[in-house]
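Take a look at the structure below.
Values in this document were obtained by computation on a predicted structure and should not be read as measured data.
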Amino acid sequence: MAKKLLLIDGNSVAFRAFFALHNQLDRFVNADGLHTNAIYGFNTMLDHMIKAVEPTDMLVAFDAGKTTFRTAMFDNYKGGRAKTPSEFSEQMPYIEQLLDAYGIQHYKLKDYEADDIIGTLAGQADAAGYTTTVVTGDRDLTQLTTDHTTVAVTVKGVSEVERYTPAHVQEKLGITATQIIDMKGLTGDTSDNYPGVTKVGEKTALKLLKQYGSVEGVYENVADMKQSKMKEHLIEDHDLAVRAKVLATIKRDAPITVGLADLAYAGPNIDQLAEFYQTMDFQSFLKKLKVNNAEPVAPIDYTVLTKENLPELAQFKTAVEFYLEMPTANYHTSAFAGFAIGHAGKWYISRDVELLLQPAVAEMLASDTIKKNVFDMKRTIVGLNRLGLSLGTVDFDLLLVSYLLDTNDNSNDLGNLAEQHGYTELPTDEEVYGKGVKRAIPDDDKLFFSHLARKLAAIAALHAELMQKLDENEQTPLYDDIEKPMARVLAQMEIAGITVDSGTLQAMGSQFKERLSEIEQKIYQEAGQEFNINSPKQLGKILFEDMKLPVIKKTKTGYSTAVDVLEKLAPEAPIVANILQYRQISKIQSTYVVGLLDAIHSSDQKVHTRYLQTLTQTGRLSSVDPNLQNIPVRLEEGRKIRQAFVPSHAGWQIFSSDYSQIELRVLAHITHDANLQAAFKEGDDIHAATAMRIFNLKSPEEVTPNIRRQAKAVNFGIVYGISDYGLSQNIGITRKQAKAFIDAYFKEYPGVKQYMTDIVKQAHEQGYVETISHRRRYLPDIHAKSFNQRSFAERTAMNTPIQGSAADIIKIAMIKMQAKLKAAGLKATMLLQVHDELIFEAPKEEISTLEKLVPSVMDSAVKLEVPLKVESHFGDTWYDAK
DNA sequence: CCAGTCACG
DNA sequence: ACGTACGTGACTGGC
């Protein structure tokens, strides 16, 4: 049998695992007080790689200690590194225990690093005809890539890896694997603390290597290079480059005392592993171990509900768990598969949803004194509504609470979510119902009913614990006063739906169809051949190979044909303008004409979107099936789609109100910046005000449209967590100019600058950031070693409180709005939310009332240090409400 | 099922 | 030196 070898860089992967689960450091502690996050993450990676590779042989290599032959030759090698956290070091011996239980060889060698052990064994394995996979968190090991050795570098967390093959290295860097060593030779390595040639970074190094092949090649030719700073640096730093290359080179001949023959992997010792998991308190791994050994979760008792035993439900007086099973995601149309009601370990189950209509059940559901504990109350409300039923007071919604505790736990599967909270007695829907085309509700009553009973049991088991966590996080008001009422408001909006006139869409569709075929013909003519314009691959070939247009940008897979690229090319060839036109219309046609027509319910001529309340990382909503939050508006062509959105009654109109500059107002509020606040209090045009400040203009007349546009981009940039490069790309200026703009901005708005510094610091110390309503977002990457990942987390830290607080504000406004409409006895109905905008339909007579009421509710939703401003519009269609 | 593209705030 | 704007969803082509 073909030999498949899996080599793992133990220290590096463990370290990755440690930081991947760093924000949950407190959760991963066993009964002995030992931190276990790195052990847990390491195990996850191990399972994942064993499954992916199916190795016949395995070894995990560890570093032996601080001193190696590399420190002997350069005593500052890996110097200046932050001290290894003790929470991490204490876990290492247990990772070795884990490997023993798994029956996996592990090895360390004095004076050598794990890399060298791996390099040596991988070399031997290549020679012996093995297929080898190396797993590491360290990109340096990609130099080991060969035709038979793949290097898998962990990218995010521990179970996602990027696989380096010779082709991938070539594609990504444009050099061979062994040239990676030369690259390090030229650039040095800051994380290992050795320098290369001054001012030579990856870009320069790649250029040099493509021309001269290696460090030696570079120096053979250095004399002939034309005079430049780089040449001087190269000559100056020759010794450094030579040393860096040696330091970067992984040994292929380390004096190891294990050989390929010692590495056979035969699978874990189940008993030993179970005992280890027990000590570590790894419930989910224990469960998996049992599942893999065909031992199912513990059987569960339940009662099949019938008309006869219905009276027994009366024993539940104060609270019930309730679950309504709808097998497909879209609960507006899904079938009903069954339901479950219960309390304190007594579970009543039925497939027959008609039973819910029995007064005993219907009243219990509608009751406000018998509190309901559920998973996804919005889904439940909409489902019950289709049966003519209502859902009274909800106490605990496992989905909502999990989302508030950690926005990353946004799985829509109860089993999955329960497991994330350490509850392992509930399989996932996928495990019970299957996936893809095979997904189906089981015919077997026992299987299906047990699953529903277990769902209730999971809700019950997690109730108290999660509510307490919510409280500890000071998030109870966020849950009680915002998210729970929000779910009801959203349910009502989804149920109401918005009427879409299919005639209007169809008429637009046939027009677009004609125009598309005209443009298509022109494009074929200009290209001299027919091809699929919608295929970026084919289009790229036509433009950049056949027509030889200049390549502006590349993607991972080929030439980029994105708008910004095509716009630059437009002057070069008339075909480009036609392609842009084609793209624009074909987008409108496929997504908004055809897509929207497909989404209209034939029963009422309406579209009923679903708002996902537990998805975004910031607290915003998202909208699916169809997405009504991205209906075109910027270009007139697409904006016309809005003419198809009409009121559901004759004599009604569409009314819309939106917050003006809500994110910048939130910024002014949370930064307390006096200058920014003054601008809003004066009612200034904020972009013009920013322009006057950062460009040092004396009078408003000096603010030209172009200057205002640039200032607007700066304002946006600030909200997004600014970088000079991002700003320069956005408005087409040099990075230097962009930096000058940003510096000027921070000088004029010192409060904003202070906030940006403070919030990043806070994210570092706490591991998360918060909105004005204590909505929380964890940012594990804030500790990442990679500049890229860390920078991203820092920008997120700056942006999330702003975007998230704006989301909080409009949610509060929506809840108040709904109540006001009801209290005032208005027929007006709230239909849509588009992040900073609310859309209603209302009888014409109510419009003048709404013009006062809606803005007053919205601008008083919360009290900020600056006023909130709201603008309203109305008309016969959504298009006309402008 | 992923990548590219493009629609929105 | 690093390589970027923040948050989403739908459609298409191509593996």
Is the shortest distance from a Lys or Arg side-chain nitrogen in [X] or [Y] to a carboxylate oxygen in the other one below 4.0 Å?
X	Y	answer
Glu637(A)	Arg515(A)	yes
Glu483(A)	Arg775(A)	yes
Lys541(A)	Asp546(A)	yes

(message) Here's one to test your reading of the geometry: is the NZ or CZ of Arg243(A) within 45 degrees of the ring axis of Tyr194(A) and under 6.0 Å from its centre?
(response)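 The answer is no, since Arg243(A) fails at least one limit relative to Tyr194(A).
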
Under 4.0 Å between any heavy atoms, over every strand shown, what does [X] touch: base, sugar-phosphate, or nothing? Just pick one.
X	answer
Ser560(A)	sugar-phosphate
Gly595(A)	sugar-phosphate
Leu615(A)	sugar-phosphate
Val200(A)	nothing
Arg777(A)	sugar-phosphate
Asn730(A)	base
Thr796(A)	sugar-phosphate
Ser623(A)	sugar-phosphate
Gln538(A)	sugar-phosphate
Val594(A)	nothing

(message) If I take atom CG in residue Leu566(A) and atom C1' in nucleotide dC6(B), what distance separates them, rounded to the nearest angstrom?
(response)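 It works out to 12 Å between those atoms.
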
(request) May I have the distance from Lys556(A) (atom NZ) to dA3(B) (atom P), rounded to whole angstrom? (result)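 After rounding, the gap between these two atoms is 5 Å.
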
Output yes when at least one side-chain N/O atom of [X] is less than 4.0 Å from OP1 or OP2 of [N], else no.
X	N	result
Arg634(A)	dA7(B)	no
Thr591(A)	dA7(B)	no
Arg583(A)	dC6(B)	yes

(message) When you compare the side chain of Val153(A) with that of Asp138(A), does any pair of heavy atoms fall below 4.5 Å?
(response)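 A side-chain contact is absent here, since even the closest heavy-atom pair is not under 4.5 Å.
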
(request) Examine Phe741(A) together with Tyr745(A) and report whether their ring centres are nearer than 6.0 Å. (result)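 Between Tyr745(A) and Phe741(A), which both carry aromatic rings, the centre distance is not below 6.0 Å.
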
(request) Decide if atom NZ of Lys882(A) counts as having more than 12 heavy atoms of other residues, nucleotides or ligands within a radius under 6.0 Å. (result)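 Buried by this count: over 12 neighbours within 6.0 Å.
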
(message) Would you measure the distance from the P atom in dT5(B) across to the matching atom in dT4(C) and give it in whole Å?
(response)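 Each nucleotide's P atom is 15 Å from the other's.
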
(request) Write down the distance separating the P atoms in dA5(C) and dG4(B), rounded off to the nearest Å. (result)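 About 13 Å, rounded to a whole number of Å.
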
(message) For a 4.0 angstrom threshold against heavy atoms of chain A, report the outermost contacting nucleotides of DNA chain C in 5' to 3' order.
(response)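 Contacts span dA1(C) to dC15(C), reading 5' to 3'.
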
(message) Counting only side-chain heavy atoms from C-beta out, which of dG9(B), dA7(B), dG4(B) sits nearest to Tyr720(A)?
(response)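 Within the option list, the nearest is dG9(B).
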
